[in-house]
Amino acid sequence: MYIFTIFGNGILIFIIVKSSNIHTPMYFFLCNLAILDTVFSTCTVPKVLVDLLLAEGRISYTGCMIQMCVGLFLGQTECLLLAVMACDRFVAICNPLRYAVIMSWRSCKYIMAVTWLLSFFSSILPILSKPVSFCRENKLNHVACEILAVVKLACGDMSYYENGIAFQSLFTILVPFSFIVVSYICILTSVLQIRSVEGRTKAFSTCASHLTVVIMFYGLSMTMYLKPSSNFSSKQKYISIFYGFLTPMLNPLIYSFRNDEVKKAVRRILFSSSQIK
């Protein structure tokens, strides 16, 4: 699974960078998503593989904090990035004549910079300001240092962490998801006004991949984080394994098999390489 994640996302990044005909905002954001998925998977899976081979399952406090912060940061970034991608589809379908002006390269770079910075400030800084301390059992009921499992072992006043998780869940899950829902309602309204069946099909096809990833990622994230942190259970552990290990692997598949432009770009690269030979 890990090899396939690295290989699949690496190929997708290569295709987007190599194919000048898909150097558009949509694929710029998709390239960021592929990079994010690669790093997100690398943050946890190699350590899990080592633990499975050595049957030890040990990690230092510093290593655990780094893994937790990086995982939280990248997870929140993906939540915001999926909302940005919904915004891109909304402008492309609902306001196509101004798409090039609104979603200029300068705007896209600013949007991505703000997305990464917002995720950093909302995830890592609160933890750094008040690191988690342990005074009880140090056996983590998880395969990785996931924040809900780590906080379960923390001692002292838990209100700071519980309020922090609640705020982050609201800011990075509910707000972006609500924005995505509103965007797709507007998109659906615009598409239904298109008279030709071919036009409707083309408009829907550009959103199908993104919508599939949104349902999969946000569905699992909501199941995990829209509950009191004190209610963390083993069931949530398996859910986090699914979205932490499987989602990064499935994303390139979804965007490749359900996207005609990516398929055409692959054919062009293969055709040009065969001509060179």
Side-chain angles (χ1 to χ4, degrees), residues 1-17 22-48 66-89 103 105 108-125 127 144-147 168-169 171-173 175-177 179-180 209-222 224-225 239-256 258-259 262:
M1 282 169 55
Y2 179 63
I3 290 170
F4 197 90
T5 299
I6 300 300
F7 181 76
N9 284 290
I11 290 293
L12 191 58
I13 294 165
F14 174 78
I15 291 167
I16 293 170
V17 172
I22 58 172
H23 285 179
T24 61
M26 174 183 171
Y27 291 98
F28 171 70
F29 296 133
L30 180 56
C31 188
N32 273 269
L33 181 65
I35 294 169
L36 195 152
D37 281 337
T38 303
V39 180
F40 186 71
S41 184
T42 303
C43 172
T44 54
V45 179
K47 180 67 175 71
V48 173
I66 292 172
Q67 191 181 70
M68 183 181 74
C69 288
V70 173
L72 190 63
F73 166 55
L74 295 175
Q76 291 192 8
T77 305
E78 184 156 351
C79 287
L80 297 178
L81 179 56
L82 290 174
V84 169
M85 293 172 78
C87 175
D88 174 71
R89 293 299 83 209
M103 300 302 293
W105 280 113
C108 291
K109 289 173 183 177
Y110 277 134
I111 289 168
M112 279 312 308
V114 171
T115 299
W116 287 95
L117 285 173
L118 275 177
S119 300
F120 177 81
F121 286 121
S122 68
S123 60
I124 294 181
L125 287 186
I127 295 172
C145 288
E146 205 275 334
I147 188 167
Q168 289 172 5
S169 299
F171 173 70
T172 57
I173 297 178
V175 173
F177 183 73
F179 179 81
I180 292 170
S209 301
H210 177 256
L211 197 56
T212 304
V213 173
V214 165
I215 292 169
M216 182 171 62
F217 184 82
Y218 273 96
L220 294 168
S221 298
M222 287 179 177
M224 275 287 297
Y225 294 103
I239 293 169
S240 69
I241 291 170
F242 186 88
Y243 86 78
F245 294 5
L246 283 178
T247 304
M249 183 187 74
L250 294 175
N251 282 352
L253 281 175
I254 294 167
Y255 277 105
S256 300
R258 298 183 65 89
N259 195 307
V262 172

If we ignore hydrogens and angles and just use 3.5 Å, is the side chain of [X] paired with the main-chain N or O of [Y] as donor and acceptor?
X   : Y    : result
Q67 : C145 : yes
N9  : P248 : yes
H23 : I16  : yes
D88 : V84  : no
S41 : D37  : no

Is there side-chain contact between [X] and [Y], with at least one heavy-atom pair below 4.5 Å?
X    : Y    : value
M68  : E146 : no
P252 : I11  : no
T24  : W105 : no
M216 : I254 : yes
T42  : I6   : yes
S209 : V213 : no
F245 : T44  : yes
P176 : L82  : no

Carefully, step by step, assess T172 and S119 under the rule side chain to side chain contact (heavy atoms under 4.5 Å, CB included). CA-CA 8 Å; T172 57; S119 300; 5.8 Å; no
Is there a side chain to side chain contact (heavy atoms under 4.5 Å, CB included) between M103 and F29 once you walk through the steps? CA-CA 11 Å; M103 300 302 293; F29 296 133; 3.6 Å; yes
[atom1]-[atom2] distance between [X] and [Y], expressed to the nearest 0.5 angstrom:
X    : Y    : atom1 : atom2 : result
M85  : L80  : CE    : CG    : 13.0 Å
F40  : N251 : CZ    : CG    : 11.0 Å
I147 : C69  : CD1   : SG    : 8.0 Å
I180 : C79  : CD1   : SG    : 8.5 Å
F171 : F121 : CZ    : CZ    : 11.5 Å
T38  : L74  : OG1   : CG    : 10.5 Å

So, for C87 and F179, which heavy atoms are closest and what is the spacing to 0.1 Å? CB-CE2, 3.7 Å
Between T115 and L81, which heavy-atom pair has the shortest distance, and what is it? CG2-N, 4.1 Å
Parallel under 30°, tilted from 30 to 60°, perpendicular over 60°: which one fits the rings of Y218 and F177? tilted
With side chain to side chain contact (heavy atoms under 4.5 Å, CB included) as the test, would you mind laying out the steps for F28 and M112 before giving the verdict? CA-CA 10 Å; F28 171 70; M112 279 312 308; 3.4 Å; yes
Candidate pair F120 and T77, rule side chain to side chain contact (heavy atoms under 4.5 Å, CB included), full reasoning: CA-CA 8 Å; F120 177 81; T77 305; over 6 Å; no
